[in-house]
Amino acid sequence: MNDKVIVCEELTKQFGDFVAVNHISFDVRKGEIFGFLGANGAGKTTAMRILCGLSYPTSGKATVAGFDVYKQQESIKKNIGYMSQKFSLYENLTVVENIEFFGGVYGLSSAEIRRRSDRLVNKLGLAPEAKKLVGSLPLGWKQKLAFSVAIFHDPQIVFLDEPTGGVDPITRRQFWDMIYEAAAAGITVFVTTHYMDEAEYCNRITVMVDGKVEALDTPGNLKARFRAASMDEVFYQLARGAKRSAD
Amino acid sequence: MNAVVLDHITKTYEAGKVLAVDDVSLEVAAGELFGLIGPDGAGKTSIFRILTTLLLPDKGAASVNGRDCVKDYKAIRRSVGYMPGRFSLYQDLTVAENLHFFATLFGTTIEANYDLIRDIYEQIKPFSDRRAGKLSGGMKQKLALCCALVHKPEVLFLDEPTTGVDAVSRKEFWEMLRTLKQQGITIVVSTPYMDEAVLCERIALIQGGKIMSVDTPANVIATFPVKLYAVKAANIYRLLTSLREDTAIDSCYAFGEYVHVTFRDDAEPDLQQWQQKLTAQGHEQVEAKKISPSIEDSFIRLMNEKQNGQP
């Protein structure tokens, strides 16, 4: 099936005796907003690193954008975008320099970078700040710019690792508008968050507990199944029994 | 008596270029569980650092239990507990060594005030020989809280103790705070999570260095000035796009599975007609209802009013 952009089958990662990711299986469809939830230490980061081509699994199968996570890591990296709360942009480069840098890393031509860069800066309303250091921008702007840079090279999939942590409630919603827009344009969005109201914005959700996928469905179906009024309650019911806790 | 007083406090950085705290005044009563609610960059950490005497304000006065934050800094340091946002214990000391170190620093012993930390410390005691740097996030948080409490402080300052922590651990942490409050300790805690605001007795909503509101969570909600509606449909993004084009609507923003809506001139819509209209526009599974606002609704409204220059 061509519309599956991520396919995981029994994907497993062990560190010595510790099974960080334990036989997880799921598919993510093109243009889907896929929420990847779990308690601290559930194995989310480890699984995400494998899917981004940064770490090899111990066993199981997975393809991302049609490329194999064992053999085609470099092709995966070229076809995805990545953004995390912790690091995304160079604070001591300007807005435009950051765009040029990431465009260059992803192999876009100078002419193409310039064309897209102008368009992006105008779209974000950052024209007056284009020559300012990113470090001097408010957090909300940085996050919006970081997301735009992550999809600058038109990746098939963008991985967002807690993209809205600490951001004010208005900016958080503006950020989700950008996510919706990207998804509507066909970019698949794979996102982790600690805000349970954001879980409701996803088309489908997985909840990982102690290395396993404990639930995978639409927010509506999960709430019905757990007889819960909100995703917060669903998460609490699932993650309460977790034995592991780590960063 | 008030445990904490901020009187027109202003703090800038980089020679006045960055305004972090903008003329903030507030009071926290003794024994209160008080929350500073706001996003990153709101000024929460600067306020904590002024109150714990680690930073001098540019203007204004601050005191903790009647002691001035500038003149009486030594007395304040002895009598408060502070848990900074970033993990600040000694990573290469063990759990037990860290706790012993902080007890000694404050001229006391772990045993002297063990009652206060027992419930929290027992949870990490099985790992007492493990280096603090090797602990999980949740355990680090518990150890840091024990170290901030070991000298039985009068006032406890907790700067974003639950940031980056999952929803289950956050719930547990707030239960610990409630237990501590019952022992008479004044607690000032900050958080960017709006849903945690209702767990405080009183809250200050803070944004861009300015306090937007100080009240009980119930009063913040009760003073929401207009009627609020929630509407949902199968495709929430398409619904949001339609609602934005509706000139009768004053504000609309996604809120979990719903979109929250207020109408111009606080008009009261006929819910059935509204649902029919949306269905006619091609939306499926439309459901609309009147709701009571949450703290996050209030925060968004206050932020918008501030940006639009309204009172």
Side-chain angles (χ1 to χ4, degrees), chain A residues 33 37-42 44 85-86 136-140 142-143 162 164-174 176-177 179-181 183-184 193-203 209 218-220 223 229-242 244-247, chain B residues 14 17-18 37-42 85 87 134-142 160 162-172 191-195 207-208 232 234-238 240-241 244 252-260 285 294-304 307:
Chain A
I33 303 175
L37 311 184
N40 300 109
K44 296 192 302 286
Q85 183 199 347
K86 289 181 189 104
S136 70
L137 298 182
L139 177 72
K142 274 189 219 172
Q143 297 301 84
E162 290 183 36
T164 56
V167 174
D168 73 69
I170 292 179
T171 311
R172 212 148 67 76
R173 285 170 174 81
Q174 291 168 347
W176 271 89
D177 271 356
I179 292 181
Y180 279 128
E181 201 183 305
T193 179
H194 282 308
Y195 291 100
M196 287 304 135
D197 61 325
E198 293 186 348
E200 307 269 9
Y201 305 157
C202 300
N203 299 120
V209 180
T218 62
K223 280 183 283 184
S230 65
M231 275 307 297
D232 196 32
E233 256 177 65
V234 171
F235 184 84
Y236 191 70
Q237 284 188 38
L238 280 164
R240 188 175 43 187
R244 294 186 345 205
S245 81
D247 277 319
Chain B
E14 293 177 27
K17 272 190 280 179
V18 179
I37 316 293
D40 288 3
F87 184 67
K134 298 280 178 204
L135 294 175
S136 72
M139 287 198 285
K140 276 182 183 163
Q141 185 198 43
K142 286 176 185 141
E160 296 206 15
T162 56
T163 291
V165 174
D166 67 65
V168 175
S169 309
R170 287 207 275 140
K171 262 193 189 121
E172 283 175 11
T191 178
Y193 297 104
M194 305 279 149
D195 57 342
Q207 162 73 15
K232 72 172 173 180
N235 185 331
I236 207 95
Y237 184 54
R238 226 157 52 74
L240 204 49
T241 316
R244 281 183 185 142
C252 63
Y253 46 88
F255 209 107
E257 64 179 319
Y258 288 91
V259 176
H260 286 189
Q285 298 159 43
S294 68
I295 296 292
E296 191 153 346
D297 290 303
S298 298
F299 199 98
I300 290 172
R301 180 147 192 107
L302 289 165
M303 258 184 92
N304 278 331
Q307 277 165 8

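Within every chain, numbering begins at 1; the chains are lettered A, B, ... in the order of the sequence lines, protein sequences first and strands thereafter.
The most heavy-atom pairs under 4.5 Å with chain B, out of A:Phe235, A:Trp176, A:Tyr236, come from A:Tyr236. Your options are A:Val167, A:Asp177, A:Thr171, and the one with the most heavy-atom pairs under 4.5 Å with chain B is A:Asp177. For the set A:Ile170, A:Asp232, A:Asn203, the count of heavy-atom pairs under 4.5 angstrom toward chain B peaks at A:Ile170. Counting heavy-atom pairs under 4.5 Å between each of A:Glu198, A:Lys223, A:Met231 and chain B puts A:Lys223 at the top. Among B:Glu257, B:Glu172, B:Met194, the residue with the largest count of heavy-atom pairs under 4.5 Å with chain A is B:Glu257. For the options B:Lys171, B:Glu160, B:Arg170, heavy-atom pairs under 4.5 Å to chain A are most numerous at B:Lys171.
B:Gln207 touches chain A through its side chain: at least one heavy atom from C-beta onward sits under 4.5 Å away, while N, CA, C and O do not. For a residue to count as touching a neighbouring chain, one of its non-hydrogen atoms must lie under 4.5 Å from one of that chain's; by this rule B:Tyr258 does not touch chain A. Neither the backbone nor the side chain of A:Pro219 comes within contact range of chain B; no heavy atoms are under 4.5 Å apart. Both the backbone and the side chain of A:Glu181 come within less than 4.5 Å of a heavy atom of chain B. For B:Ile300, the parts sitting under 4.5 Å from any heavy atom of chain A are the backbone and the side chain alike.
The distance from atom NE2 of A:His194 to atom OG of B:Ser169, rounded to the nearest 0.5 Å, is 9.0 Å. From A:Glu233, atom CD reaches atom CE of A:Met196 across 12.5 Å, with rounding to the nearest 0.5 Å.
Side-chain contact, B:Asp195 with A:Tyr195: no donor N or O sits under 3.5 Å from an acceptor N or O.
Below 30°, between 30° and 60°, or above 60°: for A:Tyr201 and A:Tyr180 the angle between ring planes is between 30° and 60°, a tilted geometry.
Using a 4.5 Å heavy-atom threshold, the side chains of A:Arg173 and B:Phe255 count as touching. Residues B:Thr163 and B:Thr191 are not in side-chain contact: their nearest non-hydrogen atoms beyond the backbone lie 4.5 Å or more apart. Residues A:Gln174 and A:Gln143 have side chains not in contact (no heavy-atom distance under 4.5 Å, counting atoms from C-beta outward).
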(message) For A:Lys142 and B:Asp40: C-alpha separation, side-chain torsions, deciding distance, then whether salt bridge (charged side-chain N to carboxylate O under 4.0 Å, His left out) applies.
(response) CA-CA 12 Å; A:Lys142 274 189 219 172; B:Asp40 288 3; over 6 Å; no

